[in-house]
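Here the structure is a predicted model, which is why all the values come from computation and not from measurement. Below, all heavy atoms of this structure are taken into account, side chains as well, without hydrogens, waters or symmetry copies.
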Amino acid sequence: MEETRKHLVVGLGNPGSEYRDTRHNAGFRVADLFAERHGIALTKSGFSSLYGTGRAEGGWIAVAKPTTFMNRSGTAVSQLMGFFQVSRENLLVVHDDIDLPFGTVKIKAKGGHGGHNGIRSIMEALGGGDFFRIRVGVGRPPDERPVAGHVLSGFDAGQRQAIEDLWALAAEAVEVLLREGSRAAMNRFNNRSVIAAPSAPSPTDQ
């Protein structure tokens, strides 16, 4: 097995049925869909995670969902990376992002945590932020509601109509990143959205 073809995909979220459909669990939902597409059952328990292993996009892969709650995600990621001997350059973390409009996906190669507690925890555990992130846009609260309450609440009725398309778009971004590399994936998916942009009014409408 070639080390360069060994990857770890981690979807971030909070364990428990009460959190399943919240914005903060976007990473869990994308990890579930990606694993299902590739016949990987996330039924093994260990390394502070639910995980499974298999092959996807031409290489060996582990897919995991930490069971530590969001702000301690780094504990699970460091354990998984150590056991499976996956380097940081082959780590892909999928997470919700309030700074992206709902329905968008963006790939980030490295950088800070942007206030996301899960990414903050992983960076502290690994000693740096040089790993790939698949950012799933859930949008900011439309009013003065606290951000914490926003990410731990469910999607609005209008958003729920597009939510399965959003999970699919993010899962496809993971696949292209694994198969074709970061440049191709960024070119294809950054600024992509499952929400159609409003069309410009025609002269007759003005």
Side-chain angles (χ1 to χ4, degrees), residues 9-40 42 50 56-57 61 63-66 69-70 73 92-109 111 113-119 132-180 182 184-202 205:
V9 174
V10 178
L12 299 188
N14 288 312
S17 58
E18 66 269 36
Y19 297 109
R20 182 179 185 274
D21 295 319
T22 64
R23 294 174 174 87
H24 227 15
N25 273 34
F28 274 14
R29 301 300 298 276
V30 175
D32 284 335
L33 179 58
F34 173 84
E36 180 184 347
R37 285 181 171 184
H38 296 277
I40 299 172
L42 303 184
L50 285 175
E57 306 304 335
I61 192 164
V63 184
K65 300 189 299 181
F69 286 92
M70 184 68 80
S73 299
L92 284 69
V93 178
V94 187
H95 67 92
D96 62 299
D97 197 313
I98 63 170
D99 290 324
L100 293 179
F102 171 78
T104 58
V105 167
K106 190 168 186 178
I107 299 167
K108 185 176 180 179
H113 53 70
H116 192 283
N117 287 333
I119 297 298
F132 286 104
R133 305 97 185 268
I134 309 292
R135 302 164 59 195
V136 183
V138 298
R140 284 190 169 272
D143 46 35
E144 297 303 316
R145 284 183 294 170
V147 168
H150 177 64
V151 297
L152 292 176
S153 62
F155 291 93
D156 301 335
Q159 294 175 337
R160 287 196 293 269
Q161 297 176 5
I163 201 67
E164 297 301 328
D165 291 337
L166 178 56
W167 306 152
L169 181 65
E172 186 183 355
V174 174
E175 292 168 342
V176 173
L177 181 55
L178 291 171
R179 183 174 65 245
E180 302 178 31
S182 59
M186 289 179 180
N187 287 341
R188 189 176 308 180
F189 291 96
N190 283 3
N191 301 317
R192 283 269 301 276
S193 175
V194 298
I195 307 297
S199 57
S202 66
D205 294 330

Heavy-atom pair with the smallest gap, counting every atom of Ser182 and Phe132:
CB-CE2, 3.4 Å
Identify the heavy atoms of Phe102 and Ile163 that sit nearest to each other, and give their distance.
CE1-CD1, 3.8 Å
Between Ala185 and Ala173 the two heavy atoms that sit nearest each other are CB-O, 4.4 Å
Closest non-hydrogen atom pair between Ala170 and Val136, with its separation:
CB-CG2, 4.0 Å
Would you please name every residue forming a side chain to side chain donor-acceptor pair (under 3.5 Å) with Glu180, sequence neighbours left out?
Arg188
Residues that Arg140 engages under salt bridge (Lys or Arg N to Asp or Glu O under 4.0 Å), provided they are two or more places apart
Asp99
Contacts of Arg29 that satisfy side chain to side chain donor-acceptor pair (under 3.5 Å) - sequence neighbours left out
Asp21
So, using salt bridge (Lys or Arg N to Asp or Glu O under 4.0 Å) as the criterion, who are the partners of Arg20 when residues are at least two apart?
none
Residues two or more places apart in sequence or in another chain: which of them pass side chain to side chain donor-acceptor pair (under 3.5 Å) with Arg37?
Glu175
Atom OG in Ser73, atom CG in Asn117: separation rounded to 0.5 Å?
9.0 Å
Test ring-ring contact (aromatic ring centres under 6.0 Å, His included) applied to Phe189 - qualifying residues, sequence neighbours left out:
none
So does Met70 get a backbone contact from the side chain of Asn14, meaning a donor-acceptor N/O pair under 3.5 Å?
yes
Less than 4.5 Å apart, side chain to side chain, heavy atoms only: is that true for Leu178 and Ile61?
yes
What residues form a salt bridge (Lys or Arg N to Asp or Glu O under 4.0 Å) with Glu57, not counting sequence neighbours?
Arg179
Are Val93 and Leu12 side-chain neighbours, meaning at least one heavy-atom pair lies under 4.5 Å?
yes
Tell me which pairs pass ring pair (Phe, Tyr, Trp, His ring centres under 6.0 Å) where either residue lies in residues 11-39, with sequence neighbours left out.
His24-His116, Phe34-His38
Taking only residues two or more places apart in sequence or in another chain, which ones pass side-chain contact (heavy atoms from CB on, under 4.5 Å) with Asn190?
Lys106, Ile107, Met186
Contact summary for Ala171 and Leu33, nearest pair of heavy atoms:
CB-CD2, 4.1 Å
I'd like to know whether Arg133 forms a side-chain contact (heavy atoms from CB on, under 4.5 Å) with His113, so could you lay out the CA-CA distance, the side-chain angles of the two residues, the decisive distance to 0.1 Å, and finally the verdict.
CA-CA 10 Å; Arg133 305 97 185 268; His113 53 70; 5.9 Å; no
Listed partners of Asp32 passing side chain to side chain donor-acceptor pair (under 3.5 Å), at least two apart
Lys65
Side chains of Thr22 and Val151: does their closest heavy-atom pair fall under 4.5 Å?
no
State, with a plain yes or no, whether a side-chain heavy atom of Leu92 is found less than 4.5 Å away from one of Val10.
no
For the OG atom of Ser193 and the CG atom of Leu166, what is their distance to the nearest 0.5 Å?
8.0 Å
By salt bridge (Lys or Arg N to Asp or Glu O under 4.0 Å) - contacts of Asp97 (at least two apart):
Arg135
Side chain to side chain contact (heavy atoms under 4.5 Å, CB included) with Leu169: of Val105, Val30, Thr104, only one passes, and it is Val105
Taking C-beta and beyond as the side chain, do Leu177 and Ile134 meet within less than 4.5 Å on heavy atoms?
yes
